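Below is one structure, written out as structure tokens, with a few remarks after it.
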Amino acid sequence: KNQVEQSPQSLIILEGKNCTLQCNYTVSPFSNLRWYKQDTGRGPVSLTIMTFSENTKSNGRYTATLDADTKQSSLHITASQLSDSASYICVVRGGGSYIPTFGRGTSLIVHP
Amino acid sequence: SAVISQKPSRDICQRGTSLTIQCQVDSQVTMMFWYRQQPGQSLTLIATANQGSEATYESGFVIDKFPISRPNLTFSTLTVSNMSPEDSSIYLCSVIRMLGSTSVQETQYFGPGTRLLVL
């Protein structure tokens with residue numbers, strides 16, 4: 001069964017600090033992996049998309065890594081801002097299907 | 001990018017009633033989906049909305065409870081029928097636009113969601 005597990009479930013950090021969110025998946029065959037940011041009361045917005053051959057991809061202060069061998073991904077947030085407070089969702093799509101598998105998300109709170 | 005709007009943005013409904021949620025996309029898209037997100041949970045796919053034909057439902061969701069229409073490539077509706085408090089959730093419309101033939105060229109967008117509370 002395709003699964004996406006995220007950790008930690010929630011995280012509280014101080015403004016300006018860095019943090020790393022983890023995603024482990026069992027989706028096979030693998031097509032792509034996305035990280036989404038979902039603000040409270042809003043729909044998810046894509047941050048990065050990575051395919052099998054990509055190890056790292058950055059989008060501003062967000063850097064995603066992918067290890068397709070161990071089926072792990074991470075999202076690193078640098079110099080956190082209050083506006084980073086949101087849920088971060090890891091989404092993995094398998095080959096041959098448009099239906100992705102969603103993780104439960106990591107709830108990040110950035111305190112001033 | 002694709003701009004997706006949903007109506008209503010939120011509603012409070014009585015048990016036993018039905019609510020129809022509308023999803024409008026600003027341009028033609030390949031695929032449209034309806035998701036449910038319960039508090040503290042991940043997104044769960046309800047169904048794929050097919051233009052001009054019956055929607056394709058995921059396990060655990062049936063047409064009688066969640067009838068879906070998609071009369072054209074930019075519009076779809078989801079009805080939550082005979083509601084109970086367990087239907088309280090956020091309902092999200094999502095679309096996929098293919099920019100090319102490879103998976104990296106697909107982009108999935110989400111609407112702002114409809115917050116439903118059933119009393």
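Chain letters run A, B, ... following the sequence lines, proteins first, then strands; residues in each count from 1. Bear in mind the structure is a predicted one, so any value in this text is a computation, not a measurement.
Under the 4.5 Å side-chain heavy-atom criterion for ILVMFWY residues, a single connected hydrophobic cluster contains both B/F66 and B/W34. No chain of hydrophobic side-chain contacts below 4.5 Å, direct or via other Ile, Leu, Val, Met, Phe, Trp or Tyr residues, connects A/I89 to B/Y91. By the rule that hydrophobic residues join a cluster once side-chain heavy atoms approach within less than 4.5 Å of another member, B/Y57 and B/M83 end up as members of one cluster. By the rule that hydrophobic residues join a cluster once side-chain heavy atoms approach within less than 4.5 Å of another member, B/V80 and B/I68 end up as members of one cluster. Side-chain heavy atoms closer than 4.5 Å link hydrophobic residues (I, L, V, M, F, W, Y) into clusters, and following such links, possibly through other members, connects A/V92 to A/L66.
Residue A/Q9: no heavy atom, backbone or side chain, is found under 4.5 Å from chain B. Interface remark: B/Q37 contributes side-chain atoms only to the contact with chain A (heavy atom separation under 4.5 Å).
Listed in order of number, the residues of residues 43-53 of chain B that approach chain A to under 4.5 Å between heavy atoms are B/L43, B/L45, B/T48. For a heavy-atom cut-off of 4.5 Å, chain B lies close to A/F102, A/G103, A/R104 in residues 101-112 of chain A.
A 4.5 Å side-chain heavy-atom check between B/Q108 and A/S46 finds every atom pair outside the cut-off. No side-chain heavy atom of B/Y109 sits under 4.5 Å from any side-chain heavy atom of A/V45.
In plain terms, the two heavy atoms of A/G43 and B/L92 that are nearest each other are CA-CD2, 3.8 Å.
Annotation: A/R61, atom CZ; neighbour count of heavy atoms from other residues, nucleotides and ligands within 6.0 Å is above 12.
For B/R115, the salt bridge (charged side-chain N to carboxylate O under 4.0 Å, His left out) test picks out no residue, with sequence neighbours left out. Judged as a salt bridge (charged side-chain N to carboxylate O under 4.0 Å, His left out), and not counting sequence neighbours, the contacts of A/D39 are A/K37.
Distance CZ/A/R42 to CD1/B/I90: 12.0 Å, rounded to 0.5 Å.
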